[in-house]
Every structure is written in structure tokens, then in C-alpha cells.
Amino acid sequence: MTWTAERYFAKAQKYWERSTNLPRETEEFLLSTSFVCEFAIRGVLCTVNPALNAAADEESILFAAGAAANKPPRTLDVASALARALRLVPAISTAEGETISVLFNIRNRELHSDEDALSAASQYDVMPKFFSFIVKLADFAGQDLMTILTESDAIQARQTADAIAKDRTKRIKDLIKIQKDRFFALDKAAQDERRKNTPKFIAATTTSGHRLKTYKCPSCAELGLLGGSPVGRSAPILREDGIYEELRIVPDIFECKCCDLKIVGLDELMAAGVAHEFQVLDDKDIVEHFNIDPMDYIDVDEIVREHNDEMFGYQDE
């Protein structure tokens with residue numbers, strides 16, 4: 001047996017299936033995601049040549065070249081593997097490489113020290129760059145993104161990568177400034193009148209399934225509405241008050257009725273500082289979730305007897 005790209009990408013997918021079934025804010029989610037990165041990186045190295053995945057000792061290099069090993073071969077340490085991947089895939093940005101490097105550092109501190117490193121990390125800092133990083137690795141290796149991620153996550157990863165690549169930062173900063181200047185140029189009475197247009201609800205679902213939630217306007221600081229479409233969900237989460245699934249929403253529009261700021265598209269929203277996704281909890285019907293048939297718990301004969309007893313008792317009176 002030798003190291004192969006196919007095995008590493010399959011292993012990355014296995015760990016991603018574990019990751020994406022977890023709530024995004026859990027420490028286990030980021031820990032498992034770090035393994036996805038590592039295995040995808042090693043898959044890319046093996047795509048070029050398995051020797052790139054080998055530690056710098058003779059036995060490991062010979063094993064990578066297909067020779068029988070006289071002792072267990074060793075793979076390259078993860079930091080060096082990342083450095084080699086960055087050399088091979090120039091499309092990966094410096095920011096993406098640094099984010100993955102930080103993720104590995106956090107994982108190592110969590111595993112090899114007494115630090116609670118993962119609890120201080122945020123998926124909102126990691127995941128946009130992770131998605132773009134994985135997209136570029138898959139494209140370089142000629143892999144269908146769904147051989148690493150699930151179908152819905154592959155779609156989201158591609159959307160996020162495209163949004164980062166477009167970089168609408170300057171245009172959106174200018175738009176926000178224009179709307180801010182217009183709003184605060186109004187006299188106080190006019191501003192107060194416009195502030196009455198803030199949403200009267202916190203969250204809502206449209207008939208088409210679009211999700212809405214209130215969001216602080218980056219222009220006037222009043223509440224506007226952020227909307228998006230569901231792209232995936234976690235495995236069922238058991239809590240004291242019921243069973244839920246975490247629904248992942250990719251934002252696609254923000255609108256503020258106070259200052260008339262309107263931002264459309266994930267690329268422009270991310271340029272405005274909006275996260276690449278937001279989550280809502282969908283409660284699950286317990287009977288449906290456990291596939292319970294209520295008739296299995298109903299004694300029809302007993303109900304008939306009780307009904308007859310009540311009827312006859314009433315007539316006797």
C-alpha cells in the first residue's frame with residue numbers, strides 16, 4: 001500500500017461529513033475541519049508526486065516511490081505540507097494560507113498543550129478562507145469539489161470563493177458612506193421619522209423559504225433586514241426543550257428602510273462585513289423524527305369500552 005491522492009481526498013470527505021453534521025460554533029467542528037484541510041493538502045501533494053508527502057528520511061522517501069519499507073514510513077509534518085501546497089497552488093492567497101496555518105496552530109495547541117485553544121477560535125474567521133482554500137486545492141488536483149465536501153457545502157464553498165475573489169470592498173465602502181452622509185444630513189425630526197421604519201420582528205420565513213432576520217445597518221446603525229437562502233443543515237441536535245437542526249443560510253440581500261441602503265449579492269455583503277452565512281434552529285417534530293406511529297400506542301378496544309361505559313352510564317342517570 002502506498003500513499004495516494006484518492007485515499008487522502010476520501011479521508012478528507014469522511015472528516016467533512018463529521019464536521020458539517022455538527023453545529024458550527026462547537027469546538028469539535030473546527031477540530032474536524034482542520035483534519036479536512038490536512039488530508040486535502042496531502043491529497044494535492046500526492047497528486048503531483050507521493051514523495052512530496054514524505055518526511056525527509058530515506059525509508060519514507062523510498063516508500064513514497066513505491067519501494068517496500070523496512071520500517072514504518074513517516075509523512076511530512078503538516079506545516080511543511082502546507083508550505084509545499086502553497087508553492088504548488090499559487091492561486092491560494094496569502095490570507096488563505098495564513099488562516100489555514102493559524103487553524104493548524106490552534107489544533108496543535110489544543111491537542112499538545114493545556115490550552116483551551118479551540119474555544120477562543122471563531123468559525124466566522126476561519127470558514128470563508130477555508131472554503132476558498134478547499135476550492136482551489138480541488139481545482140488544482142482536478143477533483144470534483146463534491147469528492148471532498150457534500151453537494152450543498154460544495155455549492156456554498158464555490159459561492160464563498162467567488163465572493164472573495166470579486167472583492168467589492170471599495171465600491172461597498174463608498175456606497176455605505178454615501179447613504180450615511182445622506183441620512184445624517186437630514187434634520188433630527190426627519191431622522192426620527194425614518195427610524196420608525198425599523199422592522200417590527202426579529203426573524204421570519206417567506207413562503208418561498210427565504211429567511212429574514214434583523215441586522216444592524218453598517219450605514220446608519222439602525223436595524224435593517226438581512227435575507228438569504230438555506231444551503232444545508234446539521235444532524236439533529238437534542239436539547240432539553242426538543243430536537244432541532246441547525247439550518248445554514250447564505251445571505252444574498254440587505255435592506256435598510258431608514259437610510260435606504262441596499263446591498264445585493266454575497267460578494268457585496270461580505271465586502272460590507274456581513275458573515276458568509278448565518279444559522280437558525282429549525283425545530284423537528286419528535287413523532288416524525290423517530291418515525292413513531294401513534295396507533296402503536298392506542299388500544300382501540302379500550303377506547304370503545306370506555307366510550308360505551310360513558311354512554312350507558314349517562315343513560316342510566
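Everything numeric here is computed off the predicted structure, so don't read it as measured data.
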*asked:* Does this structure show an ion pair linking Glu277 with Arg248, if we count only N-O contacts that are shorter than 4.0 Å?
replied: no
*Has Glu151 got more than 12 heavy atoms of other residues, nucleotides or ligands less than 6.0 Å from its CD?*
no
*Under 4.0 Å between a Lys/Arg side-chain N and an Asp/Glu carboxylate O for Asp192 and Lys196?*
no
*Verify salt bridge (Lys or Arg N to Asp or Glu O under 4.0 Å) between Arg182 and Asp260, making sure each step is shown before the conclusion.*
CA-CA 10 Å; Arg182 285 178 179 172; Asp260 293 329; over 6 Å; no
*Does Val280 share a hydrophobic cluster with Leu225, counting links as ILVMFWY side-chain heavy atoms below 4.5 Å and allowing steps through other members?*
no
*Between CD1 on residue Ile106 and CD on residue Glu27, distance to nearest 0.5 Å*: 11.0 Å
_Does the plane of the ring in Tyr8 sit parallel, tilted or perpendicular to the ring in Phe39? Use 30° and 60° as the thresholds._
parallel
_Assigning hydrophobic clusters by single linkage (Ile, Leu, Val, Met, Phe, Trp, Tyr; side-chain heavy-atom cutoff under 4.5 Å), is Phe130 placed with Leu266?_
no
*Under 3.5 Å, is there a donor-acceptor pair between the side chain of Ser234 and the main chain of Glu246?*
yes
*Set of residues satisfying side chain to side chain contact (heavy atoms under 4.5 Å, CB included) with respect to Ser80, sequence neighbours excluded*: Leu76, Asp77
*For this output row, return yes or no: ring centroids of Trp16 and Phe9 closer than 6.0 angstrom.*
no
_Other residues, nucleotides, ligands: >12 heavy atoms within 6.0 Å of Glu115 CD_ = yes
*State whether a side-chain donor-acceptor pair under 3.5 Å links Gln191 with Glu193.*
no
_Using a 3.5 Å distance criterion without hydrogens, assess whether the side chain of Ser34 forms a donor-acceptor pair with backbone atoms of Leu31._
yes
*asked:* Nearest 0.5 Å, please: how far is CG in Leu88 from OG1 in Thr47?
replied: 9.5 Å
*Mind listing the closest non-hydrogen atom pair of Ser229 and His210 along with its distance?*
OG-ND1, 3.4 Å
_Can a side-chain donor-acceptor contact be found between Asn53 and Thr75 if the only test is distance below 3.5 angstrom?_
no
*hydrophobic_cluster_shared for Val126 and Leu82, side chain cutoff 4.5 Å*: yes
*Might you work through the salt bridge (Lys or Arg N to Asp or Glu O under 4.0 Å) test for Lys129 and Glu98, ending with a clear yes or no?*
CA-CA 9 Å; Lys129 301 294 193 300; Glu98 288 175 349; over 6 Å; no
*Do the side chains of Val102 and Phe35 join up, straight or via other hydrophobic residues, at under 4.5 Å, putting them in one cluster?*
yes
_Rounded distance (nearest 0.5 Å) linking atom CZ of Arg109 with atom CG of Asp116_ = 10.5 Å
*Are the charged groups of Lys166 and Asp162 less than 4.0 angstrom apart, N to O?*
no
_Regarding Glu268 and Arg171, does a basic nitrogen lie under 4.0 Å from an acidic carboxylate oxygen?_
yes
_With a 4.0 Å cut-off on N to O distance, would you call Lys136 and Glu96 a salt bridge?_
yes
*Got a donor-acceptor contact below 3.5 angstrom from the Thr160 side chain to the Gln156 backbone?*
yes
*Hey, are Lys170 and Asp174 close enough for a salt bridge, meaning a charged N less than 4.0 Å from a carboxylate O?*
yes
*If you measure from OG on Ser93 to CG on Asp167, what distance do you get to the nearest 0.5 Å?*
10.5 Å
*Taking atom types as modelled and ignoring hydrogens, do the side chains of Asp57 and Ser60 form a donor-acceptor contact shorter than 3.5 angstrom?*
yes
*Is it true that Asp282 and Arg211 make a salt bridge, defined as a side-chain N closer than 4.0 Å to a carboxylate O?*
yes
_Quick one: does any side-chain atom of Gln179 pair with a main-chain N or O of Cys259 as donor and acceptor, under 3.5 Å?_
yes
*Any salt bridge between Glu222 and Arg195, counting N to O under 4.0 Å?*
yes
*Lys213 NZ/CZ over Phe278 ring centroid, <6.0 Å and within 45° of normal*: yes
_Main-chain N/O of Val231 paired with Ser152 side-chain donor or acceptor, under 3.5 Å_ = yes
_Side chain Ser19, main chain Tyr15, donor-acceptor under 3.5 Å_ = yes
